[in-house]
Amino acid sequence: MPDSPGKDSAKRLSDTREDDSHGGYFHNKRVKQRAQDRALQAQMPAGSTSRVLSGCTVYVNGHTDPPRLALHDLVVRHGGVFLHYLSSKGAATHIVAEHLPPRKRVEFRNCKVVSPRWLLDSVQQGRQLPWAPYSVLGGSAAENTLTLAGADTIAVAAESSTIPNASVNTRTVPSVNTPTVAAERTNTPTPNVSAPTVAAGNSNTPNVASPTVPTAPAPSTRADAFPTAASDPEAFLRSYFEHSRLHKLSEWKARLRQEFVRAHSAEPPLTAPPSRVLHIDFDCFFATVAFLHRDKRRFPALDFARDPVAVCHGRGSSDVASCNYAARALGVRNGMWAASAQRRMPAGTTLTLLPYDFAAIEAASATFYAVLRGCPDFRWVLPVSIDEAVCVLRGEGEDEIVLAEQLRRAIRERTGGCTASVGIGASLVLARLALRLAKPDGVYAAGGDPSPPDSFWEQFSVRDLPGVGGAAAAKLGGADTATLGTLRHSTTLPSLQTQLGNKLGGKVWAALHGQDDPESQRMLLDPCAVFDRKSVAVDINWGIRFATVAQVDAFLDVCAGYVANKLRECGKRAGSVTLKLHRRAAGAPVEPPKYLGMGRCDAVSQAAGLGVPSGDVGVLATELKALFRALAVPVQELRGVAVHLAKLCGDQEAGPRTPGQWLGKGRVGAGALPAPVSTTPKATTPKGGAGPSANASAERYRRLRVSPVKDRAAVPRPAASDPGVAAFLEALPSQLQREVRRDLAGAIGETTGGGRGRLRAEMQRRAEAARAVNAHLTGSGGTLLAPVRFQGEASFKRVCRTVEAWVAATCSGDGPNDGPHERDVHVFLRYVEKLCAGDRVHLALRVASLVSTALALREGSCGDTRAYAEWEHILVRRVLPVLNRNRLTFQTERKLDVEWEV
DNA sequence: ACTGTATTGAAG
DNA sequence: CATCGCTTCAATACAGT
Ligand SMILES: Nc1ccn([C@H]2C[C@H](O)[C@@H](COP(=O)(O)OP(=O)(O)OP(=O)(O)O)O2)c(=O)n1
Ligand SMILES: [Mg+2]
Ligand SMILES: [Mg+2]
C-alpha cells in the first residue's frame, strides 16, 4: 500500500473533498497529485474540458486499452479525479479495468468496476452513463437502452458473460497495418515485429451503433426528437457537431495549437531552421482505431491486413473518413463516398463499414502526443492534426531511424496496436514526402546532398506535394509532370509561376529542390506566431433547409452565440464578421444525392466591419441578420451558412481606434468613453409633453456640430452629412450604413464608373438581390412576413415611400410650420416599435435609415436647419432608443463617438 | 503603390 | 432509412484611393 497507514482519518477524508485549503502544505502525494491535475485541467483550453466526470474518482487497475496515460488525460480533462494509488477500496468511485484476476475480483466485488469504455462513452455522450452495462465483474442485465444526447436511441447489448470468450480474438496484435514490401525502402530497417503483449480488447465493449445496425426509432411526438436546423437550431447544432468528423478534426487541431502556444509562448523563435525534422502520422487512423475497438461479436474474424475496411456513418452517400490499406489497394480513398468505395470491390470481396469511435480516437491521440512530448530529442512537437505531428530535432539526429522505431513501437504498444509511420528529412517537405514512402507502418529517412537522388523523386506525382491539390494539379496537367522526377528536370521557376501563380509556383519550385518556401518555414522558426489564432468561425453546410426568414434568423442567433462563445473561450474580440452562404446552384436538384447535403451550390459572402471590436452576441446577431438580407438568398435555396470572425484582438486590448483617438481629440482620460447607446437613459430627452422646443433643438444642433466625430478616413462619409445624423448612421448595422451611403452617392451623382469582370457580376447580383429583398419586404411572397401596417399601408416598400414623402414635406423650408408634427412622429414611432416587436428589427432599421438618408440629402439643397435639427433629435433621441430596446437583435455594446451630454 | 474585400484552394 | 460536406489560413483578383 503506497499510502502511509498512519495518517489520521480526518486528513484522509479531506482527500476526497473538493477543498484542500485545510493545511498550509500538502500532506501526501495523492493530494498533491490532485492539485496538479486541477492545474492541468486549468491549462487545458476551455472548450476541451467539461464537468462530465465530476464526482467521479477513478482508479485504473492493471493494463488497459486505452492505456492509463490516455485515461488520465481523459478523466482530468472532464473534471474527474484520477487516483494513482488506491489507499482503500472506498477511495475510488469507479475502478477501471479490462479484466480482473480472481483475487481482485473478490476484493472488488462491492465496487463499481467498469471497462474503460464506460469513460469513453460517458465523455462522448456528455453525461455519466449507467455503469452496470460496463461492469467487468459481470452483470445480469440482458439488455439496456442508452439514450444518446441527440435523442436517438440505440439498443445496447450488455456483457452477458464474464467468461473470457474463446471465440473473441485474443491473439496479440503486433500491428494491424502490414508494411509494404517496397524495395525502395532500403534505408529502412525492417520494423521489429516481435510481438508486444497488448491484447486486443477483452470486449466488455457494449455494442455501439454501427452503420449496419439500424438505430431504434424514437417514440417521436416530441418536438425535439429529431431536431432540425429549422425546428430546433441549438439542438441540431449540438447533435450535428457531435457526429461531424470534420468538425472534430478542426476542433482538435485548434485545441492542440492552443496547448502548444500555452506551453511554449515564452520561448524565443529560432534564428535558423533546424537541420532535421521528423514527421509522424498514424496509418489510416480512424480505420485502425475503429477496427481495434470494433464490436467483436459482430466482426469476429475481420482481418485488418487483408479485408478492406472503411469508417463512415452510413452506406450510400456517406463519406469514408478513413479506409485501411487493403481498401486502398482496391482504389478506395479517404473522403470518397461509401457507395463509391463499395463499387470498387471486386466480386466476392466486401467492404466492411465500421462506425466512428471518437472517444477512442481522442485517447489514442493523447497517448501519441504524450509519447512524443516525452521524447528529449525534440525541441518542439508541432501539432499538425489529431493523428500527426512534426517533431523538430535538437541536434543532427544521428540515430534518427532508431529513434523513429522506438517512438513507433511505444505508440503502437501503448495504443493497443495503432501503427504510425515516420518520415525524416532536412526540410518539412522532404520529411513529408519521406512519410509517404514510409507508409504504412514504416520509416523513411530522406538523404542525399543537397537533395535526394532522382530515384527518390520518381516515386511521386505533383499531387503528393504539399499545397498541390486537384486544381493545381490540373493546371500543371502536362506530360512532363507525370512524376516529380521528370518535372524537376523539365520545368523552370517562371514557368511554374505562370501556371500556378507566384507563390505556389515558388513553393513547388522550392519543393523540387528539397526546400521549404518561407511561408512554410515560419512554422519551424516561430510556431507560436503561426499557431496564434487569427480568426474564429462556424460553418454548417449540412442539414440546412429553411422555409421562413424567421427560421434563418433563429439559426443565425445560434451561430452568433456559438462564435461569441468561442471568442470568449480564446479571450478575443472580433473586428469584422462575415456571413457566407451556400445557395443551390441553378439547375441543381432541390434535394441532392447526399442526404441533407448541400449539393451543387454557389457561394456568396459579405463582411461587415464592427467599428469597435466586439464579442457580443447581440452585435453579431444583428450584423448577421442584416448581412443575410443583403445577400438576399431566398430561404428555400439556402444550403449552407457560415459565420467568420476576423480582425481579432485581445479581450483587454484596445481596438484599433478607441481610446487613443479620444485622447487625440484632447478629450478626457482613457476610462471616459461615452456610455453605450443602449444604456443612455432617455432621461435627458426634453420631453415637454410635445415635440422638442426649437431652442433645445438648436442648442443640441450646435453642440453636435462641434462635438468630436469618428475618424473620417476610417469611416467614409456621405457627401452631405451632419454629425448628428452621422452618429445615428453609425449606430446602425454596417450593412445599412453601406446602403445608406450608396443611396446618397447615387442620388448626389457620385456614381462610380461602370466596370467589367467582377463589377458586372456584382451589379447583376445586386439587381437580383434587390428583387429578392423586395420579395421579402413587400410581403409579395405572402409567407415571409405578416403585415405590419403604417397609415394603412402593409407594403413595406410603400411605407418607405410614404415616409420619404413625409420627410420631404416637413423640410420644405417654409418657415415656422416646418418640422414633423408630433402626432406623426408618434405614429411613426409606434410603427417602428411594432416592427421590433414583430421580430422585424431589420425593417425598423431600414425605415429609420431611410429617414436619415432623406435628411442628409435635403440638408445640402434646402437649408431649413430648424426642421433638420428636429428630425435629428427625433432620430437620435426617440428612434434609436426604440431600436436599442430590442437587446437580443440589436447592439448592446457598440459605443458612439459622439458626446450626447456635456 | 497601396488598401480592403470577396473568392478560391488546400489541409486533415 | 439516409447522414452528420469543418475550419483555418494563404493567395489571388479586383476595385477604390
Ligand atoms: N478526407 C478526410 C481525410 C482525413 N480524415 C480523418 C480520418 C483520418 O483517419 C484522419 C487522419 O487523416 P490522414 O490524412 O492522416 O489519413 P489516415 O490516417 O486515415 O491515413 P494515412 O495517414 O495512413 O494516409 O483524418 C477525414 O475524416 N476525412
Ligand atoms: Mg494518418
Ligand atoms: Mg494525418
Side-chain angles (χ1 to χ4, degrees), chain A residues 150 152 211-212 214-215 217 226 229 236-254 257 281-282 285-286 312-319 321-322 334-335 337-339 356 383-388 432 463 465-475 500-507 517 519-520 522-523 530-531 533-544 563 566 576 578 580 582 591-599 601-609 639-640 642-644 646-647 713-714 716 752-753 755-762 765:
Chain A
D152 10 6
T212 52
T215 57
F226 298 107
F236 165 79
L237 198 66
R238 196 179 317 117
S239 164
Y240 175 47
F241 282 171
E242 191 77 20
H243 293 95
S244 165
R245 79 193 198 280
L246 292 177
H247 167 75
K248 284 176 181 295
L249 281 176
S250 296
E251 198 178 55
W252 287 329
K253 178 172 181 164
R257 286 183 159 206
D281 182 299
F282 274 119
F285 185 44
F286 285 22
C312 50
H313 285 297
R315 35 191 25 205
S317 62
S318 176
D319 279 20
S322 177
N334 289 358
W337 283 2
Y356 292 81
V384 176
S385 80
I386 188 76
D387 90 321
E388 186 175 348
R432 163 64 59 108
R463 275 307 310 269
L465 288 174
V468 177
K475 287 180 194 165
L500 300 175
N502 232 322
K503 280 301 199 324
L504 186 55
K507 183 183 165 88
D517 68 312
E519 181 52 41
S520 309
R522 286 182 54 219
M523 165 168 315
V530 172
F531 292 160
R533 182 192 266 287
K534 290 150 202 80
S535 70
V536 164
V538 63
D539 289 55
I540 306 99
N541 296 311
W542 185 87
I544 296 300
V563 290
K566 241 169 121 171
S576 83
T578 301
K580 176 175 166 186
H582 277 94
E591 281 311 322
K594 190 185 190 74
Y595 175 67
L596 288 182
M598 65 194 297
C601 280
D602 298 323
V604 289
S605 70
Q606 185 151 97
R639 293 293 179 272
V643 174
H644 290 235
K647 297 182 186 167
T752 59
R756 350 163 281 286
R758 245 179 53 189
L759 183 58
R760 182 188 304 276
E762 172 67 8
R765 206 170 63 81

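These figures come from a predicted structure and were not determined experimentally. Quick note on labels: first sequence line is chain A, next is B, and so on, each numbered from 1.
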At 4.0 Å (heavy atoms only), tell me whether A/Ala254 reaches a base, stays on the sugar-phosphate, or touches nothing.
nothing
Does A/Lys647 reach a base, just sugar-phosphate, or nothing at all? Heavy atoms under 4.0 Å.
sugar-phosphate
Remember a base hit wins even if backbone is also touched, and classify A/Leu465 as base, sugar-phosphate or nothing at under 4.0 Å, heavy atoms.
sugar-phosphate
Report which part of the nucleic acid A/Gly505 touches: base, sugar-phosphate, or nothing (heavy-atom distance under 4.0 Å, all strands).
nothing
Between C/dC6 (P) and A/Leu596 (CG): distance, integer Å:
13 Å
Rounded to whole Å, how long is the line connecting atom NZ of A/Lys580 with atom C1' of C/dT8?
11 Å
Roughly how far, to the nearest 0.5 Å, is CG of A/Leu246 from CG of A/Asp319?
7.0 Å
For A/Val538, report the nucleic acid contact type (base, sugar-phosphate, nothing); a contact means any heavy atom under 4.0 Å.
sugar-phosphate
Whole Å only: how far is the CZ atom of A/Arg245 from the C1' atom of C/dT3?
11 Å
Quick test of the criterion, 5.5 Å between centres and less than 30° between planes. Is A/Tyr595 stacked on C/dA2 or not?
yes
Walking DNA chain C from its 5' end, the first of A/Val530 and A/Lys248 to be reached, judged by nearest nucleotide, is A/Lys248
Would you mind classifying the nucleic acid contact of A/Lys566 as base, sugar-phosphate or nothing, using non-hydrogen atoms under 4.0 angstrom?
sugar-phosphate
How long is the span from the CG atom in A/Leu465 to the CZ atom in A/Arg432, to the nearest 0.5 Å?
10.5 Å
Answer with base, sugar-phosphate or nothing: what part of the nucleic acid does A/Trp337 contact at a heavy-atom distance below 4.0 Å?
base
Is there a donor and acceptor pair closer than 3.5 Å between the side chain of A/Ser250 and the base of C/dC6?
yes
Round to a whole Å and report the spacing from CZ of A/Arg639 to C1' of C/dG5.
14 Å
What is the nucleic acid contact for A/Ile540, judged by heavy atoms within less than 4.0 Å: base, sugar-phosphate only, or nothing?
sugar-phosphate
What is the minimum heavy-atom distance between A/Lys566 and A/Ala537, and which atoms define it?
NZ-O, 2.8 Å
Under 4.0 angstrom, heavy atoms only, what part of the nucleic acid is A/Glu251 near: base, sugar-phosphate, or nothing?
nothing
Selection from C/dC6, C/dT12, C/dC4 that lies nearest to any side-chain heavy atom of A/Phe241
C/dC6
So is the aromatic ring of A/His313 stacked onto the base of C/dT3, judging by whether the centres are under 5.5 Å apart and the planes are under 30° apart?
no
So what does A/Ser317 hit on the nucleic acid, given a heavy-atom distance under 4.0 Å: a base, only sugar-phosphate, or nothing?
sugar-phosphate
Mapping A/Asn541 and A/Lys534 to their closest nucleotides on DNA chain C, which lands nearer the 5' end?
A/Asn541
Atom NE2 of A/His247 and atom P of C/dT7: how far apart are they, to the nearest Å?
6 Å
For A/Gly467, report the nucleic acid contact type (base, sugar-phosphate, nothing); a contact means any heavy atom under 4.0 Å.
sugar-phosphate
Taking the inter-plane angle between the rings of A/Tyr240 and A/Trp542 on a 0 to 90° scale, is it parallel (under 30°), tilted (30 to 60°) or perpendicular (over 60°)?
parallel
At under 4.0 Å between heavy atoms, what does A/Lys594 touch on the DNA or RNA strands: base, sugar-phosphate, or nothing?
base
Rounded to whole angstroms, how far apart are NZ on A/Lys507 and P on B/dA11?
9 Å
With under 30° as parallel and over 60° as perpendicular, where do the rings of A/Phe286 and A/Tyr356 fit, or are they tilted in between?
perpendicular
Using a heavy-atom cut-off of 4.0 Å across all strands, would you classify A/Asn334 as base, sugar-phosphate, or nothing?
nothing
Considering only heavy side-chain atoms of A/Asp319, the closest of C/dA11, C/dC6, C/dC4 is C/dC4
Has A/Lys503 got more than 12 heavy atoms of other residues, nucleotides or ligands less than 6.0 Å from its NZ?
no
Using a heavy-atom cut-off of under 4.0 Å over every strand shown, decide if A/Gly335 touches base, sugar-phosphate, or nothing.
nothing
